[in-house]
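The next block holds one structure in the form of structure tokens; read it before the comments.
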Amino acid sequence: MRGIMWELQRKVRQFQQSAETFWLHNGSIVNRNLISFRRIILASGVSLLGFPRESLAEVKQGLLAGRIPGLSEPDEQGWRTYRRPDDKSGGHGVGWSPIIPYKFSVPQDWVEVPVSIADLGGTEIDLRFASSKEGRLFVIVAPVLRFADNLGEDAKIEEIGPPDKVISAFGPEVIGENVEGKVLSSNVAEYDGRTYYQFELEPPHVLITATAAGNRLYLFSVTGSGLQWKRHYNDLKKIHNSFRVV
């Protein structure tokens, strides 16, 4: 029994310390292939306790991923709406208020992608979604104190700056380089009393929405390869326009 427990502990350490390990927003721990830690232990470690692998089939079936928390069922057009769950973890230290939820819509083949702290944007990337056919998106939620110390607890994007200042300051966080000469268009929109700055950049092909709520700045980025952009621009634009802080 001592040897069995040692082997299980070794598997726990190996999985959790691996650079290939990611934490999903629902608390699941997965590897780059989206295989959960619990499934790996059940498939290999638990069998060390003497249970036949066949007897684990029902348990393993119950661990298969179901509907992503916060993601609705498809509508008549096959689109789903994702709303950030109220109890999703996140934040930037003691004293920060809970993140005000946001929502957006995607075609039903888009799925959540694990977020790594090694990603561009680091721990401030709150969520990733992707479609192998159409493109990918991510949401950055950053404390406004990074940019100004007088915005209070109910910041507005207009207080951070006009559109040209905002995209010059925060565009590099999205594309990893200076945005000078890359902004094809910009637009200011208002929904339910909140202002949103919307940008289209090229190259690379990317759509960015910026807004502020509470004590955080929100950056919503939708992008795709050249071929994806050509074939699915209308869908990518629809995703981009659907982003709201609620």
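Treat the numbers as computed from the prediction; the structure is a model and nothing was measured.
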If every non-hydrogen atom of [X] is compared with every non-hydrogen atom of [Y], which pair is closest and at what distance?
X	Y	result
Ala213	Arg194	CB-NH1, 3.2 Å
Glu173	Glu124	OE1-OE1, 4.3 Å
Tyr196	Val245	OH-N, 2.9 Å
Pro101	Arg83	CG-NH2, 3.7 Å
Thr223	Trp229	CA-CZ3, 4.3 Å
Pro172	Asn178	CG-CA, 4.3 Å

Please walk me through it: do Leu127 and Tyr82 pass side-chain contact (heavy atoms from CB on, under 4.5 Å)?
-> CA-CA 11 Å; Leu127 182 75; Tyr82 174 87; 3.4 Å; yes
Can you tell me how far apart [atom1] ([X]) and [atom2] ([Y]) are? Round to the nearest 0.5 Å.
X	Y	atom1	atom2	value
Ser131	Gln108	OG	CD	11.0 Å
Tyr218	Ile99	OH	CD1	6.0 Å
Leu217	Ile160	CG	CD1	5.0 Å
Gln228	Leu236	CD	CG	7.5 Å
Arg216	Asp126	CZ	CG	9.0 Å
Glu153	Asn215	CD	CG	4.5 Å

Would you please name every residue forming a ring pair (Phe, Tyr, Trp, His ring centres under 6.0 Å) with [X], sequence neighbours left out?
X	answer
His240	none
Trp79	none
Phe220	Phe104, Phe243

Give every donor-acceptor pair under 3.5 Å between a side-chain atom in residues 179-192 and any protein atom, sequence neighbours left out.
{"unit_1": "Lys182", "atom_1": "NZ", "unit_2": "Glu177", "atom_2": "OE1", "d": "3.2"}
{"unit_1": "Lys182", "atom_1": "NZ", "unit_2": "Pro203", "atom_2": "O", "d": "3.4"}
{"unit_1": "Asn187", "atom_1": "ND2", "unit_2": "Gln198", "atom_2": "OE1", "d": "3.1"}

Whether the side chain of [X] engages the backbone of [Y] through a donor-acceptor N/O pair (distance < 3.5 Å, no angle test) should be reported.
X	Y	value
Arg80	Asp109	no
Ser72	Thr81	yes
Ser168	Lys165	no
Ser221	Ile208	no

Go through the steps for Leu201 and Val174 under the test side-chain contact (heavy atoms from CB on, under 4.5 Å), then give the verdict.
-> CA-CA 11 Å; Leu201 279 64; Val174 175; over 6 Å; no
Please, which pairs that meet ring pair (Phe, Tyr, Trp, His ring centres under 6.0 Å) have at least one residue in residues 152-172, sequence neighbours excluded?
->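 Residue pairs with at least one partner in residues 152-172: Phe147-Phe170.
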Give the C-alpha distance, both sets of side-chain angles, the deciding distance and a yes or no for side-chain contact (heavy atoms from CB on, under 4.5 Å) between Tyr197 and Glu158.
-> CA-CA 9 Å; Tyr197 295 164; Glu158 305 97 306; 4.0 Å; yes
Check step by step if side-chain contact (heavy atoms from CB on, under 4.5 Å) holds for Leu137 and Trp110.
-> CA-CA 10 Å; Leu137 66 82; Trp110 284 63; 3.8 Å; yes
Selection residues 230-246 - residue pairs positive for salt bridge (charged side-chain N to carboxylate O under 4.0 Å, His left out), sequence neighbours left out = none
